[in-house]
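Take a look at the structure set out below.
Lettering follows sequence order; numbering is per chain, from 1.
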2 protein chains.
Amino acid sequence: MGVAMDSKIFNLKSKLEVYKAMPGGGNFADCPVRDVIQGISGKWSSLLVMALAEKPYRFGELRRLVPDISQRMLTQTLYDLQRDGYVHREVFPTKPPSVEYSLTDLGRSMFAPLQMLIQWAELNHYAVREARVAFDAAQA
Amino acid sequence: MGVAMDSKIFNLKSKLEVYKAMPGGGNFADCPVRDVIQGISGKWSSLLVMALAEKPYRFGELRRLVPDISQRMLTQTLYDLQRDGYVHREVFPTKPPSVEYSLTDLGRSMFAPLQMLIQWAELNHYAVREARVAFDAAQA
DNA sequence: GAGTGGTAGTCTCAAAATGAGACCAGCACT
DNA sequence: AGTGCTGGTCTCATTTTGAGACTACCACTC
């Protein structure tokens, strides 16, 4: 099973130590790794990063691509991604000025591991769905 | 086991196609991959999965390990993780009954790619922090 | 036998994040 | 003169989350 690869490849003496490793000195609450993870684990972040990994998109294109995101959250999520350095925002002086969003090098670098997770989800979403059904049936 | 994690298939012709690939036939909104990703991209999910990847923990231990999670969210996040099949919950009939949470095979399988992301965050959190500072300075 | 503490939670209320939708300015096209 | 497209912002309702009190049970101490 896919479990054995854990200790071999990654050599995690204490995984929590890695997660909470920080300069501050031991407080698990403000850990930089956790900070970064939470920055990309918002509801829409990974979805937008994934879209932009394919190619740059304009605001309206992204809105149409993800029909159930509100304009408000699209604006804000893109802003946050830009602030964290994953996304580049460029305004073109066309007649109605258009804005293009694209991944930065940092964004592309982050997308590599993110894609692993997406790939896992692609391969295993059925198992998750099954687990849910079984769980709900057991509860009832 | 139904857990699949082949290291192949890196050729994403259209990454969005993969993400939105679903039986329903084209609606980006209810995509199983996105559904799975959002299930593990909650604020506390990855943190708890990571903790449990180290070893099984009891409820109170997890609460002490993550001091800034509310008991309410700990209960609920563990419930959701259990429902999705990542976490196993076992009650021991000790005098005050104790409950142990552990990763299932599916959970361990999911942790492998998740760990890639964590590793990336560990290596690049400084760059993200820098980007934020630069962005905030530019805004001011 | 009264108090204290630890177990894993639930319940309630306030605060924060999010969703839904109206509104904006500017220009092109009809 | 009206309509549409651009990328937003603003307001308000709903949902989600946080903070903290509260529960039942038992063991242990005083």
* Touch class at under 4.0 angstrom, heavy-atom based, for B:R72 against every strand present ->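 Touches a base.
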* Asked: With sugar-phosphate meaning primed atoms plus P, OP1 and OP2, does B:Y101 contact a base, only sugar-phosphate, or nothing at under 4.0 Å between heavy atoms?
  ->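 Sugar-phosphate only.
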Rounded distance (Å) that lies between atom [atom2] of [N] and atom [atom1] of [X]:
{"X": "B:K95", "N": "C:dG5", "atom1": "NZ", "atom2": "C1'", "value": "18 Å"}
{"X": "A:Q76", "N": "D:dG7", "atom1": "CD", "atom2": "P", "value": "18 Å"}
{"X": "A:Q71", "N": "D:dG8", "atom1": "CD", "atom2": "C1'", "value": "6 Å"}
{"X": "B:F59", "N": "D:dC25", "atom1": "CZ", "atom2": "P", "value": "19 Å"}
{"X": "A:M73", "N": "D:dC10", "atom1": "CE", "atom2": "P", "value": "16 Å"}
{"X": "B:R58", "N": "C:dG6", "atom1": "CZ", "atom2": "P", "value": "12 Å"}
{"X": "A:Q38", "N": "C:dA17", "atom1": "CD", "atom2": "P", "value": "12 Å"}
{"X": "A:R89", "N": "D:dT6", "atom1": "CZ", "atom2": "P", "value": "15 Å"}

* Asked: Taking 4.0 angstrom as the limit, do A:D105 and A:R108 come out as a salt bridge?
  ->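 Yes, this pair counts.
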* Identify, between B:T75 and B:R63, the residue whose nearest nucleotide on DNA chain C lies closer to the 5' end. =>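 Counting from the 5' end, the first nearest nucleotide belongs to B:R63.
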* Asked: Between A:K43 and B:E100, which has a closest nucleotide on DNA chain C that is more 5'?
  ->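 In this pair, the answer is B:E100.
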* Which nucleotide sits closest to the side chain of B:S70: D:dA19, C:dT7, C:dT18? ->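 Of the candidates, D:dA19 comes closest.
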* A:W44 side chain N/O closer than 4.0 Å to the phosphate oxygens (OP1, OP2) of C:dG19? ->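 For C:dG19, OP1/OP2 do have a side-chain N/O of A:W44 under 4.0 Å.
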* Give a yes or no on whether A:I118 and A:L65 share a hydrophobic cluster (residues Ile, Leu, Val, Met, Phe, Trp, Tyr; joining criterion: side-chain heavy atoms under 4.5 Å apart). =>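 Yes: a chain of side-chain contacts under 4.5 Å links A:I118 to A:L65.
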* Asked: Please walk me through it: do B:F135 and A:Y79 pass ring pair (Phe, Tyr, Trp, His ring centres under 6.0 Å)?
  -> CA-CA 10 Å; B:F135 184 84; A:Y79 182 91; 5.2 Å; yes
* **Any side-chain heavy-atom pair of B:N124 and A:L106 under 4.5 Å** =>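 Yes - at least one pair of side-chain heavy atoms lies under 4.5 Å apart.
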* **salt bridge (Lys or Arg N to Asp or Glu O under 4.0 Å) partners of A:R132, counting only residues at least two apart** =>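 Listed in chain order: B:D35, B:D84.
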